[in-house]
Amino acid sequence: MEQLDRPELKDVPFAVGGGVLTTCNYVARQFGCRSGMAGFVAKKLCPQLVFLPLNFDKYNAKAAEVREVLAEYDARFESASIDEAYLNITEYCASRGIGPEEAVAQMRAQVHERTNITVSAGIAANARIAKICSNINKPNGQFVLPRERDAIMEFMRDLPCRKVNGIGRVLERELASLGINTCGDIYPQRQYLNRLFGDKVYEFLIRCYLGMGRTNVQPAEEYERKSVGTESTFRDMDDAAQLREKLRRTAEELQKDLERAQCKGRTLCIKVKLHTYEVLTRQAVLPKAVFLADDLYNHALPMLAKLEQEIPGMKLRLMGLRCTHLVSTKKPDPMAFFGLKSRRSESEDTSTGLKEARHAGGDGEWEQWPEDMMDAGSADNTVQEPQTGGEDMSGDGQSPFRRHGKEILPNPKKEEPVPAEDEDWWSCPICSRPQAADERQFNDHIDLCLSRQTILDTVQQDAAVAQPSPSIRSRGTTPDGKKAKERKRGRSTASAPDPRQKKLCFG
DNA sequence: GCGGATCAG
DNA sequence: ATGGCTGATCCGC
């Protein structure tokens with residue numbers, strides 16, 4: 001949010017940055033503003049805060065200006081969002097005989113000069129680390145991570161996991177419970193990771209440890225859209241007729257969105273959020289691809305009705321509809337026919353060879369596993385895998401370790417320190433409980449308090465006092481009465497709240 | 001596939 | 001005075 005310091009641009013929440021890359025390519029990334037704080041929290045912390053109205057037309061116009069400049073450095077740059085982009089500036093640098101640092105400095109100066117927007121940038125060997133680097137010297141700065149492997153691994157070693165795109169609040173905590181706080185901590189603990197998190201996450205984490213990431217950059221338009229949906233929140237609603245009216249409105253919205261996206265959907269998904277904040281989805285495969293509100297409504301209604309049946313007295317605070325398995329209704333591009341521009345356009349069929357084309361380009365060395373990592377412990381322990389102690393955990397997928405298994409994992413995370421009497425303390429804006437007067441700890445605590453589970457617990461506690469919700473109870477257990485917990489991320493449902501969160505916020 | 005859940009922006 | 005909305009992906013079943 002670099003611009004917020006600039007009075008003349010106060011209402012333009014826009015910032016960009018560039019990033020780059022190494023080996024023989026350079027990936028650049030532009031990034032943006034994010035306070036990461038909910039408005040109502042900010043207001044509590046800072047009562048004199050003034051909220052300005054949003055103006056997305058303005059932001060989009062400004063973004064277009066910035067992108068014009070970016071295009072001069074990489075015509076095929078990739079917009080990641082309104083205020084974020086990746087550029088491969090390899091060629092730009094090569095053709096001018098300059099280094100990425102200079103090119104990006106130039107680019108940022110140009111953006112500033114021509115749009116009056118300051119931007120920050122990260123310059124690195126691949127998109128993943130370029131993004132991380134773009135956050136280092138903001139606002140209005142850039143950071144270069146040398147492309148040498150040693151430099152990259154050294155950088156990753158001390159990098160907090162949370163800084164990596166894809167490691168969010170939940171995975172961060174789960175890793176922390178294994179003593180993994182930085183990317184460097186991943187490798188020595190790798191023996192647990194596969195069975196706890198599965199193959200995909202395991203490989204992802206190892207790649208994080210190694211500082212590997214994609215080096216391919218391409219216009220966002222070339223990515224195939226996979227779903228179109230709309231949802232809205234409203235005051236608690238349980239009236240059947242009103243719910244149908246809401247469904248109708250939602251269907252009408254979705255029709256508009258589908259028209260804008262020029263596609264129809266072969267699968268329709270309804271999403272509801274109960275007054276308890278519990279989210280449910282149901283989907284149906286349609287006999288044919290549809291986009292008309294009437295069709296959407298008619299196919300969604302039975303799903304809504306079934307939900308009402310499943311959950312007596314269902315009270316909603318959100319409803320949404322989403323189409324997947326999209327079928328494009330775009331007119332074939334005549335230019336494409338002549339092979340001129342190869343615009344993305346398909347008449348009826350969805351599958352094209354784009355995926356392959358996408359991965360054809362850019363295979364810098366930081367996309368490939370170094371040889372000495374090729375045997376870094378997968379499901380089976382290999383010769384190379386040092387047994388750093390502990391019991392042998394080899395076994396089938398039914399091991400209690402298979403999925404997180406919170407109940408058997410020690411949690412070395414320190415307790416929230418109770419502030420000493422003579423110490424200053426801050427009051428949490430959400431739970432109002434006293435917190436240590438330490439910025440980092442305070443922020444951590446707020447994160448925790450804002451977690452969905454905590455909200456859920458609180459609302460349900462309140463709801464339970466007022467009127468027990470039979471709906472939740474009935475789904476808290478499986479038909480045979482066994483626990484229905486231990487779902488994917490060890491995330492608990494209504495029946496199994498996270499004790500840590502409860503304790504910290506509302507205990 | 002389905003439904004739940006996490007993650008990013 | 002909103003943690004809402006959109007889209008992608010992953011996992012277990």
Side-chain angles (χ1 to χ4, degrees), chain A residues 1 13-15 30-44 47 49 51 54 56 59 63 79-85 128 131 162-174 196-204 220 223-235 250 253-254 257 260-261 266-273 277-285 303 307 310 317-326 397-398 402-404 429-430 446-456 458-459 475 478 484-494:
Chain A
M1 216 47 100
F14 192 93
Q30 141 200 348
F31 81 94
C33 61
R34 218 174 43 249
S35 74
M37 181 176 286
F40 74 98
V41 177
K43 186 74 175 179
K44 264 202 173 173
L49 195 60
F51 288 88
L54 298 171
F56 278 99
Y59 315 147
S79 290
S81 68
I82 191 173
D83 64 354
E84 230 183 297
R128 177 174 292 149
K131 174 169 172 92
R162 190 58 159 86
K163 301 272 184 194
V164 177
N165 241 3
I167 300 182
R169 191 173 35 84
V170 175
L171 187 52
E172 178 193 31
R173 301 194 81 79
E174 290 169 342
L196 283 172
F197 302 112
D199 291 341
K200 283 292 166 63
V201 176
Y202 172 77
E203 182 165 328
F204 166 76
Y223 287 103
E224 217 172 326
R225 194 212 261 262
K226 300 203 170 82
S227 72
V228 179
T230 180
E231 65 188 51
S232 62
T233 299
F234 38 82
R235 292 209 310 267
T250 309
E253 275 306 305
L254 184 52
D257 291 346
R260 264 192 289 272
R266 303 234 316 107
T267 299
L268 181 61
C269 177
I270 186 173
K271 168 178 172 179
V272 299
K273 193 189 285 183
Y277 284 78
E278 196 184 0
V279 176
L280 304 172
T281 62
R282 295 292 182 270
Q283 55 183 337
V285 177
M303 291 192 279
L307 280 167
E310 285 173 34
R317 75 177 332 263
L318 173 147
M319 184 186 292
L321 287 177
R322 174 167 301 271
C323 275
T324 60
H325 297 113
L326 302 181
Q398 314 303 4
R402 176 60 200 163
R403 247 7 267 159
H404 299 215
I430 297 101
I446 287 178
D447 272 354
L448 199 61
C449 256
L450 288 172
S451 77
R452 271 180 222 144
Q453 188 58 51
T454 305
I455 295 171
L456 176 60
T458 314
V459 174
R475 270 169 303 95
T478 51
K485 51 187 269 184
E486 271 335 300
R487 300 213 51 88
K488 177 190 154 213
R489 286 235 164 277
R491 214 52 3 234
S492 43
T493 59

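Each chain gets a letter, A, B and so on, in the order its sequence line appears, and its residues count up from 1.
Residue A:L318 places its side chain closer to C:dC5 than to any other of B:dC2, C:dC5, B:dC7. Nearest nucleotide to the side chain of A:V228, out of C:dC11, C:dG7, C:dT6: C:dG7. Nearest to the side chain of A:E231, among B:dG9, C:dT6, C:dG7, sits C:dT6. The A:R162 side chain lies nearest to B:dA8 when the options are B:dA8, B:dG9, B:dG4. When distances run from any side-chain atom of A:R322 to the nucleotides C:dG4, C:dC10, C:dG7, the shortest one goes to C:dG7. In the set C:dA8, B:dG9, B:dC2, C:dA8 carries the atom at the smallest distance from any side-chain atom of A:K226. Out of B:dG9, B:dG4, B:dC2, the shortest distance to the side chain of A:E84 is found at B:dG9. Side-chain proximity of A:N165 to the nucleotides C:dT6, B:dG9, B:dG3 is greatest for B:dG9.
Whole-Å rounding puts the A:K200 NZ to C:dT9 C1' distance at 9 Å. Going from atom OH of A:Y223 over to atom P of C:dT6 covers 23 Å, rounded to whole Å. Between the NZ atom of A:K271 and the C1' atom of C:dC5 there is a distance of 8 Å, rounded to whole Å. Between A:R128 atom CZ and B:dC7 atom C1' the separation is 13 Å, expressed in whole Å. The separation between A:D83 atom CG and B:dA8 atom P is 15 Å, rounded to whole Å. Rounded to an integer number of Å, the gap from A:R173 CZ to B:dC7 P is 11 Å. Look at CD on A:E310: it is 9 Å from P on B:dG3, rounded to the nearest Å.
Partners of A:F56 under the ring-ring contact (aromatic ring centres under 6.0 Å, His included) rule, at least two apart in sequence or in another chain, are A:Y59. Taking A:Q283 as the reference, nothing meets the side chain to side chain donor-acceptor pair (under 3.5 Å) condition, with sequence neighbours excluded.
The heavy-atom pair separating A:L254 from A:G229 by the smallest distance is CD1-CA, 3.9 Å.
For the pair A:R317 and C:dG4, the criterion of a side-chain N or O lying under 4.0 Å from OP1 or OP2 is met.
Proximity of A:N165 to A:R128: side-chain heavy atoms (C-beta onward) are nowhere separated by under 4.5 Å.
Residue-level contact check: A:S232 touches the backbone only, with heavy atoms under 4.0 Å from sugar-phosphate atoms and none from bases. Among the heavy atoms of the strands lying under 4.0 Å from A:R225 are primed sugar atoms or P, OP1, OP2 only; no base atom is included.
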